[in-house]
Amino acid sequence: MWYALVDCNNFYASCEKVCNPSLAKRPVVVLSNNDGNVIARCPLAKALGIEMGAPFHRCTNIIQKHNVAVFSSNYALYGDMSRRVMDTLATCAPYVEVYSIDEAFLLHDVPHAEAQHYALSVRQKVMQWTGIPVSVGMGATKTLAKLANHIAKKRTDSGVFVLSGDSYCQSLLEAIDIAEVWGIGRRYERMLQSHGIYNVWQLINADDSFIKKKMTVVGLRTVYELRGIPCIGWEDAPPPKKTIVSSRSFGRQVESLHELDQAAAHYSAIAAGKLRTQHCAAGAVTVFVSTNPFKNEPQYSCSATVVLDMHSAYTPDIIAAAHTALCSIYRQGYRYKKVGIMLTDIIPYQELSPTLFMHMDNYEKRYRLMQALDSVNRQHGRGTVYFASEGVVQPWSMRRKYLSPRYTTHWNEIPVVR
DNA sequence: TCTGGGGTCCTAGGACCC
DNA sequence: TCTGGGGTCCTAGGACCC
C-alpha cells in the first residue's frame, strides 16, 4: 500500500489565476483576513522576495514596483475550488482523506514500478479538470508521503516524488533538515539540534527512549513513521469538532459595548451554523475580547464562559449566552481589536435529552426554524437571512479591499468569455 | 492607517473516590 | 528506617498542524 500526499501549489494564488487568465504572467499575492499579512504567493511573487506571512503594509513598495496583483482572501472561491480538487482526487484512489483545504492523502495499492507514473497521472488529471497545479509525494507512511511531497515541490519539472527503494537512502535523507518533517515544529527543531540531530537521517536513527522522553509518544510515532512503520491512523470522514471557534479582528478599533455585542452576535451565528452542519449541540459558550497588542496603548484581554441550561444549537440561545458573557467582561475605555466566540462541550443531537423546562414540540419548532435559516443561506449565500442583533451596517467588519468575484458560486459573478 | 484564524493531542499535577 | 494502592476527572500548559 502506498500513501500519497497531494498538495495544491500556492493554493489561494492558484485559484485567483485559474479564474482570471490575465494574471497568468503577473506576480500574485493573497492576503489574510483584514488584509493583514501575505498568506499565499505565486512563484513569480516568491521570486520577488515577498516573504510568507509578511505584513502587507511593509510590502507596498515592492508590490507597486513590480505590478503585483493583490487579493483579499476569498473563501467562497477557495472553498469551492477545493471541493472540485477533492472530487477529482476521489476518482484517483479508493481511499481519500481530505486533510486541509488544499491537501489530501490518498491510499492506493500500486505496483512499485508504476508509482511514479501514478503520481504523474494524478497531477495531470487535477490540472486538466480544475486548472490547479499540485505536487504529489508518495511513501510507505503518511509522514513519508509528506516528506516526499516536500521534495516533489522542488522538482519543478515533474512535481512528483516517490520516497522508497533507491530514493530512501542515507545521502538523500541527510540532505533534508528535520524542520521539514511533519510533526517537528520550531521548538522540537531547536531541542533536537541542541542534541546534535540536524537532518532526517539522524532523526531516523535516534534513540527511542530519548525521543519519547523529550517529545512524548507523539514524537516517537513520527520517528517510527519515518522508518516506514505506519502509526498514524486513517480518517475516512472528519470527526466532529470538539470545539468550534469563530473570531475575527475588526477592520478598525471598536470601543462601544454595542458594537462589540453586534460582532459577538455575528460570530455566534456563524459558530452555531457550523455546529448544526455537524449535527451537534454545545453545552457552553465562551467569549473573548482583546485590544491590539501591536499598539502602544492600554491593553486588556479577557474571556468568560456561560454554561447553558441545556445543550443547544439554536442560534438565539448562543447569542444570548454570548451577550451575557460579554457584558461580564466588557470594560470601558479600551480600544478593542478583536472579539471571538468559542463553543465547547459539544455533543451529537442523538445524545440530547429534553429536560423539565423544554417540551419536545418546542424543541421541534426551534429545530425546523434553524433548518429553514440554514437552507436559505445555503442556497442564496451566507448572510441572506440573519439576526437583527448581528447589526445591519456592521462598521466593525473586516477589511477586504481587494476581493475578487465569487467566480464559481454566484451567478452574477460568473466569469464571462467574450 | 497597517501585524490572521481555527484546530488537535499529550502530560503533569491536583482533587477526589473507594 | 518506615507513611497503601489504584483509579477517574479536570485543568493548564506546551507542543504541533494548516
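None of the values given here were measured: they were computed from a predicted structure.
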*What distance, rounded to whole Å, do you find between the two C1' atoms, one in C/dC17 and one in B/dG4?*
15 Å
*Go through the steps to decide whether A/Trp182 and A/Ile232 satisfy the test side chain to side chain contact (heavy atoms under 4.5 Å, CB included), and finish with yes or no.*
CA-CA 12 Å; A/Trp182 190 38; A/Ile232 299 175; 3.7 Å; yes
[X] near the nucleic acid: base, sugar-phosphate alone, or nothing, with a heavy-atom cut-off under 4.0 Å?
X: A/Tyr99; value: sugar-phosphate
X: A/Lys146; value: sugar-phosphate
X: A/Thr60; value: nothing
X: A/Lys338; value: sugar-phosphate
X: A/Val30; value: nothing
X: A/Asn33; value: sugar-phosphate
X: A/Ile184; value: sugar-phosphate
X: A/Thr243; value: sugar-phosphate
X: A/Arg58; value: base
X: A/Ile244; value: sugar-phosphate
X: A/Lys337; value: sugar-phosphate
X: A/Lys214; value: nothing

*5'-most by nearest nucleotide on DNA chain B - A/Met398 or A/Pro240*: A/Met398
*asked:* Between A/Arg335 and A/Val218, which residue's closest nucleotide on DNA chain B lies nearer the 5′ terminus?
replied: A/Arg335
To the nearest Å, give me how far apart [atom1] ([X]) and [atom2] ([N]) are.
X: A/Gln278; N: B/dG6; atom1: CD; atom2: P; result: 15 Å
X: A/Ile341; N: B/dG6; atom1: CD1; atom2: P; result: 11 Å
X: A/Lys142; N: C/dC17; atom1: NZ; atom2: C1'; result: 12 Å
X: A/Lys213; N: B/dA12; atom1: NZ; atom2: P; result: 12 Å
X: A/Arg187; N: C/dG13; atom1: CZ; atom2: P; result: 14 Å
X: A/Asn61; N: B/dC2; atom1: CG; atom2: C1'; result: 14 Å
X: A/Ile270; N: B/dG5; atom1: CD1; atom2: C1'; result: 12 Å

Using the side-chain heavy atoms of [X], tell me which of these nucleotides is nearest: [options].
X: A/Ser247; options: B/dT3, B/dC10, B/dG6; value: B/dG6
X: A/Pro55; options: B/dG5, B/dC10, B/dT3; value: B/dT3
X: A/Asn292; options: B/dT3, B/dG7, C/dA15; value: B/dT3
X: A/Lys242; options: B/dT3, B/dG6, B/dC9; value: B/dC9
X: A/Val217; options: C/dC18, B/dT11, C/dA15; value: B/dT11
X: A/Thr216; options: C/dC18, B/dT11, B/dC2; value: B/dT11

Does [N] have OP1 or OP2 sitting under 4.0 Å from an N or O in the side chain of [X]?
X: A/Ser249; N: B/dT3; result: no
X: A/Arg248; N: B/dG5; result: no
X: A/Arg221; N: B/dC10; result: yes
X: A/Arg399; N: B/dT1; result: no

*Taking a pair as Watson-Crick or G-U wobble with both distances under 3.5 Å, which nucleotide is matched to C/dG5?*
B/dC18
*Can you name the one residue among A/Lys46, A/Lys17, A/Glu16, A/Arg41 that meets side chain to side chain donor-acceptor pair (under 3.5 Å) with A/Asn10?*
A/Lys46
Is a salt bridge present between [X] and [Y], judged by a nitrogen-to-oxygen distance below 4.0 Å?
X: A/Lys153; Y: A/Asp7; result: yes
X: A/Arg335; Y: A/Glu297; result: yes
X: A/Arg58; Y: A/Glu51; result: no

_Plane angle bin for A/Trp234 and A/Tyr95 - parallel if under 30°, tilted between 30 and 60°, otherwise perpendicular_ = perpendicular
*Take A/Asn149 and A/Phe161, measure what side chain to side chain contact (heavy atoms under 4.5 Å, CB included) needs, and give me the verdict at the end.*
CA-CA 7 Å; A/Asn149 191 278; A/Phe161 191 77; over 6 Å; no
